[in-house]
Amino acid sequence: MRRAVIVIGCSYGDEGKGMAAAHAVRDLGTPCLNVLINGGAQRGHTVDLPDGRRHVFHHFGSGALHGATSCADEEFIVNPLMYMDERCALAEEFGVTPELLVSARCRVTLPFDMMLGQIIEANRGRERHGSCGCGVFETRLRYEQTDWALRFGELIRLDGGAFAAYCRRVAGEYIPARLAALNMTADDRWQALLTDEAVIRNAYADLMDMAGAVRVYEDWAEEAQKWPSLVFEAGQGLALDENNLADFPHLTPSRTTSCVSAQRIAALPGDAEVELRYVTRTYLTRHGAGPFPTECPMAEINPDMHDRTNVPNPHQQQLRYGIFDAEAVLKRVHADTAAARAILPHAQTAILITHLNETSGQLTGATPLETFAAHFDRLYLSDRPWTVMRCSG
């Protein structure tokens with residue numbers, strides 16, 4: 001029987017999904033396919049090793065250092081520039097070049113999509129939406145609104161001249177129209193970059209390098225049925241799902257729920273043992289702008305905390321902190337579980353609670369850990385960035 005784990009963040013991301021996915025790969029064993037099921041290179045999933053080394057994953061599954069093969073699902077948006085940077089970093093720092101399978105239907109972020117997103121966010125000033133600066137939303141919008149939106153399998157078949165013409169249309173036609181619709185402009189510095197032929201040449205080189213390094217697949221069921229173990233690694237968290245209209249526009253441009261993963265599993269022949277593994281810190285965090293009902297100063301949780309991954313950046317600025325809201329988290333989780341079980345009726349649920357060392361082993365807020373955990377079939381706990389303990393189930 002095939003075994004599968006779907007890793008989902010309970011809230012606004014930054015919960016510890018990288019560690020959760022890495023642990024799931026170690027738990028299931030290899031061969032294992034680690035599927036990036038949504039979002040794009042804006043994800044930053046950290047894996048720490050006991051020897052002190054660490055990596056923040058963007059284009060590879062967080063189980064890559066533990067032998068998993070990574071897979072970019074058709075809903076994942078690839079970014080050749082960021083892919084090549086990460087591939088080189090893994091080779092230099094860990095001596096590994098993990099395999100990546102890429103759906104031919106993946107959308108592709110160009111440097112111009114990244115520029116456009118950053119131009120728009122800068123124009124918003126204090127009304128910024130909380131972009132990561134990786135161009136994911138603008139890529140998706142371009143694919144929905146234009147006729148020159150080639151998928152990965154199509155784009156890698158272009159020669160240099162055809163690719164350059166494609167980029168010039170994006171930079172010269174789509175971007176001015178998009179900015180005009182928003183009543184925004186690009187300053188001289190951005191204009192110079194948008195018309196720089198060197199940007200196009202470098203983008204084509206990155207695309208060709210990526211095409212030569214990955215394996216492209218056409219049909220999910222045909223590819224995935226070969227794998228006895230599957231780990232689906234969702235990006236962001238349930239509260240940021242694109243359909244959470246109550247928090248619009250401070251959302252992520254993808255489905256952060258378990259439903260697409262469940263659909264992928266259901267498309268495969270044979271039975272599968274499935275666990276929906278939800279992940280949360282003992283407190284809440286939010287990166288970027290948007291509603292945050294339980295927000296508080298970091299010192300109210302623990303004045304000595306230090307996050308090496310979520311450092312301030314010009315797009316999302318500081319990581320925000322909040323008291324754990326068990327009722328809100330369970331509402332999101334129960335809705336997600338019900339939707340997943342409509343597809344996979346026998347799926348089990350688990351909660352992985354991280355950062356216990358920062359809050360003396362308990363959840364912040366009024367709900368005891370044991371009361372919260374009783375809503376799940378299994379409980380996993382972590383008080384170190386590489387150790388997970390299974391406590392029940």
Side-chain angles (χ1 to χ4, degrees), residues 5-21 23-24 37-39 43-46 62 231-244 246-247 250-252 254-262 275-288 290-295 301 307 309-310 319-341 347-356 358-359 362-383 388 391-393:
V5 173
I6 303 174
V7 175
I8 314 113
C10 285
S11 301
Y12 302 99
D14 302 306
E15 300 101 340
K17 294 184 295 296
M19 178 183 62
H23 175 261
I37 197 66
N38 73 303
R43 66 167 58 207
H45 290 185
T46 304
S62 296
V231 173
F232 293 84
E233 186 177 348
Q236 296 79 49
L238 292 175
L240 294 176
D241 185 84
E242 65 181 5
N243 289 333
N244 178 24
D247 283 3
H250 306 289
L251 305 171
T252 194
S254 69
R255 297 303 311 275
T256 64
T257 68
S258 60
C259 286
V260 175
S261 300
E275 180 183 274
L276 308 173
R277 192 171 297 183
Y278 299 94
V279 189
T280 184
R281 298 191 189 204
T282 55
Y283 50 94
L284 299 181
T285 59
R286 177 157 195 166
H287 227 148
F292 197 3
T294 67
E295 186 168 11
I301 297 169
D307 193 324
T309 300
N310 295 293
L319 184 66
R320 300 157 65 191
Y321 296 85
I323 300 299
F324 191 79
D325 185 342
E327 181 179 355
V329 170
L330 287 172
K331 182 179 179 180
R332 291 191 287 267
V333 167
H334 288 161
D336 183 74
T337 299
R341 283 180 172 162
Q348 297 287 292
T349 63
I351 184 71
L352 195 166
I353 302 175
T354 67
H355 296 72
L356 285 156
E358 295 175 340
T359 58
Q362 286 295 324
L363 301 176
T364 57
T367 304
L369 187 151
E370 295 78 9
T371 303
F372 176 75
H375 290 266
F376 300 86
D377 298 313
R378 299 188 185 101
L379 168 64
Y380 300 88
L381 300 174
S382 173
D383 59 2
V388 176
C391 299
S392 66

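Because the structure is a prediction, the values reported are computed rather than measured.
We find the OG1-CD distance between Thr256 and Gln236 to be 7.5 Å, quoted to the nearest 0.5 Å. Distance check, rounded to the nearest 0.5 Å: SG of Cys10 to NZ of Lys17 gives 9.5 Å. How far NE2 of His250 is from CG of Asn244: 11.5 Å, rounded to the nearest 0.5 Å. Between the CD atom of Glu370 and the CG atom of Leu363 there is a distance of 8.5 Å, given to the nearest 0.5 Å. Note that OG1 of Thr354 and NE2 of His23 are 13.5 Å apart. Values are rounded to the nearest 0.5 Å.
Val5 has its side chain within reach of Val7: a pair of non-hydrogen atoms, C-beta onward, lies under 4.5 Å apart. You'll find the side chain of Arg286 reaches within 4.5 Å of the side chain of Leu240, heavy atoms only. Residues Leu356 and Leu369 meet the side-chain proximity criterion, which asks for heavy atoms closer than 4.5 Å. Looking only at side-chain heavy atoms (C-beta outward), Val388 and Met19 come within less than 4.5 Å of each other. Within the 4.5 Å cutoff, no side-chain heavy atoms of Asn38 are placed close to those of Val260.
Asp247 places no side-chain N or O within 3.5 Å of a backbone atom of Gly290 that could act as its donor or acceptor partner. Remark: the backbone N or O of Leu276 is not paired with any side-chain donor or acceptor of Thr349 at under 3.5 angstrom. Although no hydrogens or angles enter the test, the distance criterion places no donor-acceptor pair under 3.5 Å between the side chain of Glu275 and the main chain of Ala350. Between the side chain of Arg281 and the main chain of Asp14, a donor-acceptor pair closer than 3.5 Å is present.
With sequence neighbours left out, the side-chain contact (heavy atoms from CB on, under 4.5 Å) criterion links Ser261 to Ile6, Ile37, Phe232. Every residue meeting the side-chain contact (heavy atoms from CB on, under 4.5 Å) condition with Thr371, not counting sequence neighbours, appears here in chain and number order: Thr367, Pro368. With sequence neighbours excluded, the residues forming a side-chain contact (heavy atoms from CB on, under 4.5 Å) with Ala239 are Tyr12, Arg332, listed by chain and number. Residues that satisfy the salt bridge (charged side-chain N to carboxylate O under 4.0 Å, His left out) test with Arg320, not counting sequence neighbours, are Glu295. In terms of the salt bridge (charged side-chain N to carboxylate O under 4.0 Å, His left out) criterion, residue partners of Asp241 (sequence neighbours excluded) are, by chain and number, Arg255. For Asp325, the side-chain contact (heavy atoms from CB on, under 4.5 Å) test picks out Leu284, Thr294, Glu327, Ala328, with sequence neighbours left out.
The two residues Ala24 and Val231 come nearest to each other via the heavy atoms CB-CG2, 3.9 Å. In plain terms, the two heavy atoms of Gly13 and Thr285 that are nearest each other are O-OG1, 3.5 Å. The two residues Ser62 and His45 have their closest heavy-atom pair at OG-CB, 3.4 Å.
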Problem set entry | Pair Leu352-Phe376, side chain to side chain contact (heavy atoms under 4.5 Å, CB included): steps then yes or no | CA-CA 10 Å; Leu352 195 166; Phe376 300 86; over 6 Å; no
For this session: Under the side-chain hydrogen bond (donor to acceptor under 3.5 Å, both in side chains) rule, what do Thr337 and Tyr278 come out as? Steps first, then yes or no, please.
Result: CA-CA 10 Å; Thr337 299; Tyr278 299 94; 2.9 Å; yes
Problem set entry | Verdict with supporting geometry, Leu238 and Thr257, side chain to side chain contact (heavy atoms under 4.5 Å, CB included) | CA-CA 6 Å; Leu238 292 175; Thr257 68; 4.1 Å; yes
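Using cut-offs of 30° and 60° on the angle between ring planes, the pair Tyr283 and Tyr321 is tilted. Aromatic ring orientation, Phe372 versus Phe324: perpendicular (interplanar angle above 60°, classes split at 30° and 60°).
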